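Everything on this sheet refers to the single structure shown next.
Here the structure is a predicted model, which means the values were calculated and not measured.
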Amino acid sequence: MMKVQLAMIALLFTAAATPAQAISAHYRAQLERSGCTQVSDGDGSCDITKTKAENAAQREPATTVHDPMRAASFSSATVNASISNGFFSATLNGKKATVKRLNAAFYEIHGQDVVISFSLDENGITEASWNKTRGHDHGFLQVRQK
């Protein structure tokens, strides 16, 4: 009887000392091949059916840089203007105009007795309007930002 008890205790310690294998050998091989972890596979940010290189290419950020000061055109029935070169050069009704920066979010284009005022945020131009320097003519402008 004593031998049976010792055998049972030895078997119990052997089972407790054996490390638990939470994942199969096949799944582990897929993780190693793909460069994924269990967490990244589980949350969908990594695909275990792809190679490390394919997963790395998928995670690379876009190389384009968002520029709120990209070229734009302004138009209405009376006024047509464009601005480019980081808002340093402009044309108004086909002729060269000057650009005035009032602050980081507000600019003006001056030329041909017209002032175009426009504001911008981190996404680009939000609104634009025009005024004659003499008289009461004014209006809103349609903006196309490139």
Partners meeting side chain to side chain donor-acceptor pair (under 3.5 Å) with T98 (sequence neighbours left out)
none
Can you sort out the partners of S82 under side chain to side chain donor-acceptor pair (under 3.5 Å), two or more places apart, ordered by chain and number?
T91
Supply the atom-to-atom distance [X] [atom1] to [Y] [atom2], rounded to the nearest 0.5 angstrom.
X: L141; Y: N80; atom1: CG; atom2: CG; result: 9.0 Å
X: C46; Y: N55; atom1: SG; atom2: CG; result: 3.5 Å
X: L31; Y: H26; atom1: CG; atom2: NE2; result: 10.0 Å

Can you list every salt bridge (charged side-chain N to carboxylate O under 4.0 Å, His left out) pair that touches residues 46-55, not counting sequence neighbours?
none
Apply side chain to side chain contact (heavy atoms under 4.5 Å, CB included) to [X] and list each qualifying residue two or more places apart in sequence or on a separate chain.
X: S73; value: R144
X: A71; value: S84, K146
X: A81; value: F74, L92, I116

When hydrophobic residues are tied together by side-chain contacts of less than 4.5 Å, even through go-betweens, does V115 share a cluster with L120?
no
Nearest heavy-atom neighbours spanning Q112 and N93:
OE1-CB, 3.9 Å
Which atom pair, heavy atoms only, marks the closest approach of F87 to R70?
CE2-O, 3.4 Å
Distance alone, cut at 3.5 Å: any donor-acceptor contact between the side chains of S117 and S129?
no
Atom pairs and distances, side-chain donor-acceptor, residues 133-140, under 3.5 Å, sequence neighbours left out:
from: T133; atom 1: OG1; to: D113; atom 2: O; distance (Å): 3.4
from: R134; atom 1: NH1; to: D113; atom 2: OD1; distance (Å): 3.4
from: R134; atom 1: NH1; to: D113; atom 2: OD2; distance (Å): 3.4
from: H138; atom 1: ND1; to: H136; atom 2: O; distance (Å): 2.8

Per-pair distances, 0.1 Å, donor-acceptor, side chain in residues 102-109, under 3.5 Å, sequence neighbours excluded:
from: N103; atom 1: OD1; to: A105; atom 2: N; distance (Å): 2.8
from: N103; atom 1: OD1; to: F106; atom 2: N; distance (Å): 3.0
from: Y107; atom 1: OH; to: R101; atom 2: NE; distance (Å): 3.4
from: E108; atom 1: OE1; to: H110; atom 2: NE2; distance (Å): 2.8

Which residue is it: T126, V143, I83? I am looking for the one with a side chain to side chain contact (heavy atoms under 4.5 Å, CB included) to F118.
I83
Residue pairs involving residues 30-56 (criterion ring pair (Phe, Tyr, Trp, His ring centres under 6.0 Å); sequence neighbours excluded):
none
